[in-house]
Amino acid sequence: MRKIDIFDTTLRDGEQSAGINLNTAEKLEIARQLEKFGATIIEAGFPASSPGDFEAVQRIANIVKKSTVTGLARAMKSDIETSWEALRGAEQPHLHVFLATSPIHMEYKLQKTPDQVVEIAVEAVKYARKFFPQVQWSAEDAFRSDREYLVRIINQVIAAGASVINIPDTVGYATPQEYGALFKFLKENVTGIDKVKLSAHCHDDLGFAVANSIAAIENGADQVEGTINGIGERAGNAALEEIAVALHIRKDYYGLETGINLHEIKRTSQLVSQLTGVVIQPNKAIVGKNAFAHESGIHQDGYLKNRQTYEIITPELIGDKTEPLALGKHSGRHAFSDRAISMGFDLSAEKLNEAFVEFKKLADRKKEITEDDLFVLFTDQQIQNNDVPVYKFKDVQVQYATANVPSATVTAVNPDGETVTATATGSGSVEAIFNTLELLVEGEVHILDYRVTSIGKGRDALGEAVVNLSINGEVSIGRDVAQDVLGASAKAYFNAINRQLVKKQSKTKVTVI
Ligand code: KIV
Ligand code: ZN
């Protein structure tokens, strides 16, 4: 069966979305999960863009072995050299070099003539091949490029040594028919096209990203690029879980396989949402909360008589488990540690201890601990990063009565290690908390968005708070999960502030390993 390679760019194109600031520990955690998910290639970042990105790419390249690890580089010697330093420890060093080819990008952004762009692309690919056995070249904004010009430049970068040619629809403008036709045209007109892999990279501005990626596959693409949950710049990228499940469920029609471990989809999607703070819309295909919910009486009746009346995908296929957990208030350390291992976590004794303390606190207050709860708990421990001094939340007290002005008092430890307390009022409890926090943290903060959702079901479900704010003009998303949404809100606020502190620090510190 023909195999389609899955190129995951969650950590590069996905991380480029406004407000997402993953630290190195979080990127590593996502990369490990992407390896379990079965991504053929993981684009771990853009090494020349910041020391933080460099460090993350380097560590991922050294740890991930089953997936190929790549990094993005502009068509510049310095970017290629920096990328080599970051990727040389990888099992199969792979580089992704890009250069724009559309008239609008060449004239206004690059300020180069089409001939100069060909020359720069060829030089970059030749130079990259001095270091990397595998080089992918992307024609940024390929869909809006002149087709004859695309043929000319692709012919030359193939001759220069590129083994993968990526044809992005950078601005999400193509329709499925047009995008498919472009692949057919290139297949028929580029010399030596059968010796290289053709790749599709779609953005979702018109909501066509997944359909366009599949149209490309039908017309000769052997690789599709995208992100988990479809996160990415503007409207995002093609959602990889949707492509993988579509090709699986309609194998009868497409006759293709991806090598994706479909049972890891739910876990991967949850992890990316949890660490990026980007909430999944409830009706999102495959991974939305309601993707398997049958609400109307007629549907429920049919479903109970035969699941297939209304269900083409089972939750089990994507690893959405419903069986209750055998863990509870009386479970011991041993059972808890076994569960962490069986869920794929590799926690140090100290972190496991801390997770166990949190678990006991939760079990005292919550009737049923679900796998989702444990997942949040273990992940939170795994990504704790004690390298950078940050704000540590201690306590929040809220005074609320319908007839009175709500007030909040928050105690925290600031990055200098001092315990600080402040009190403020607001027109609601959450506003009172945020006004108090504004007094505690240094810098000008504006709240851009705030959401609370529940994790799992039932009245004692954990509450997840996501705060999107700007601090000194820099956007940052923070999240936290707690049984009380007010506590979760205060901690999510600190989480957003702390992410900026870590990001600032990672711009000044490079660890070469
Ligand atoms: O959308 C795009 O064109 C990109 C390239 C860098 C591949 O992300
Ligand atoms: Zn892109």
Side-chain angles (χ1 to χ4, degrees), residues 5-18 20 39-50 53 57 68-76 79-80 82-83 94-106 108-110 117 120-121 124-125 128 134-146 149-150 153-154 157 162-174 179 182-183 186 196-210 212-213 216 221-240 243 276 278:
D5 287 345
I6 301 292
F7 179 116
D8 180 281
T9 183
T10 304
L11 294 172
R12 199 276 299 168
D13 223 342
E15 220 247 345
Q16 245 162 264
S17 325
I20 300 183
T40 323
I41 300 183
I42 297 172
E43 187 164 48
F46 184 173
S49 68
S50 73
D53 243 40
V57 174
T68 297
V69 179
T70 192
L72 185 71
R74 289 165 294 186
M76 297 163 65
D79 271 28
I80 295 167
T82 308
S83 303
H94 180 293
L95 185 68
H96 179 191
V97 188
F98 76 102
L99 189 60
T101 52
S102 64
I104 187 167
H105 277 236
M106 290 193 289
Y108 294 99
K109 191 181 79 172
L110 302 177
V117 169
I120 297 167
V125 171
Q134 294 181 66
V135 173
Q136 161 166 329
W137 181 76
S138 283
E140 191 190 7
D141 205 15
F143 182 73
R144 294 193 300 169
S145 305
D146 176 79
Y149 178 67
L150 266 186
I153 193 164
I154 293 171
V157 290
S163 50
V164 184
I165 302 295
N166 183 31
I167 309 296
D169 178 18
T170 304
V171 292
Y173 184 70
Y179 195 59
L182 175 57
F183 277 74
L186 295 174
V196 297
K197 193 161 76 173
L198 258 189
S199 182
H201 178 111
C202 299
H203 283 265
D204 209 29
D205 300 68
L206 295 176
F208 289 149
V210 169
N212 284 355
S213 306
D222 298 306
Q223 173 175 290
V224 279
E225 308 192 359
T227 58
I228 300 297
N229 301 334
I231 64 167
E233 290 254 46
R234 310 182 307 278
N237 288 61
L240 289 179
I243 296 175
T276 57
V278 178

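Side chains are part of it too, since the values below use all heavy atoms of this structure and drop only hydrogens, waters and symmetry mates. Counting starts at 1 for both ligands and their atoms, following the listed order. Starting from 1, each residue takes its place in the sequence as its number.
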Tell me whether R12 is salt-bridged to E225, with the criterion being a basic N under 4.0 Å from an acidic carboxylate O. no

R12, portion touching ligand 1 at heavy-atom distance under 4.0 Å: side chain

Identified side chain to side chain contact (heavy atoms under 4.5 Å, CB included) counterpart of S213 within the set V224, N237, L240: V224

List every atom of ligand 1 that sits less than 4.0 Å from any heavy atom of E140, numbering the atoms from 1 in the order shown and giving each element. 3 (O)

Those atoms of ligand 1 less than 4.0 Å from some heavy atom in H96: 7 (C)

Non-hydrogen side-chain atoms of F143 and V171 separated by less than 4.5 Å: no

Give a yes or no on this: more than 12 heavy atoms of other residues, nucleotides or ligands lie within 6.0 Å of atom OH of Y173. no

Would one find an N or O of T170, backbone or side chain, under 3.5 Å from an N or O of ligand 1? yes

Of the N, O or S atoms in H203, the one nearest the Zn ion (ligand 2): NE2

Atom indices of ligand 1 within 4.0 angstrom of D13 heavy atoms, with elements: 8 (O)

With no hydrogens and no angle check, do the side chains of N166 and S138 hold a donor and an acceptor under 3.5 Å apart? yes

What atom name does the N, O or S atom of D13 nearest to the Zn ion (ligand 2) carry? OD2

Can you tell if the side chain of N229 reaches within under 4.5 Å of the side chain of V278, non-hydrogen atoms only? no

Is the shortest side-chain heavy-atom distance between M106 and Y149 below 4.5 Å? yes

Would you say E225 reaches the Zn ion (ligand 2) with an N/O/S atom under 2.8 Å? no

Check: H203 N/O within less than 3.5 Å of ligand 1 N/O: yes

Under 3.5 Å, N or O to N or O, is H201 touching ligand 1 that way? yes

With heavy atoms of S138 as the reference, note each atom of ligand 1 found under 4.0 Å away. 7 (C)

Under 3.5 Å, N or O to N or O, is D141 touching ligand 1 that way? no

Q223 versus I41: any side-chain heavy-atom pair under 4.5 Å? yes

Sub-4.0 Å heavy-atom approach of E225 to ligand 1: no

Closer than 4.0 angstrom: is that true for some heavy atom of E233 and an atom of ligand 1? no

Does this structure show an ion pair linking R74 with D79, if we count only N-O contacts that are shorter than 4.0 Å? yes

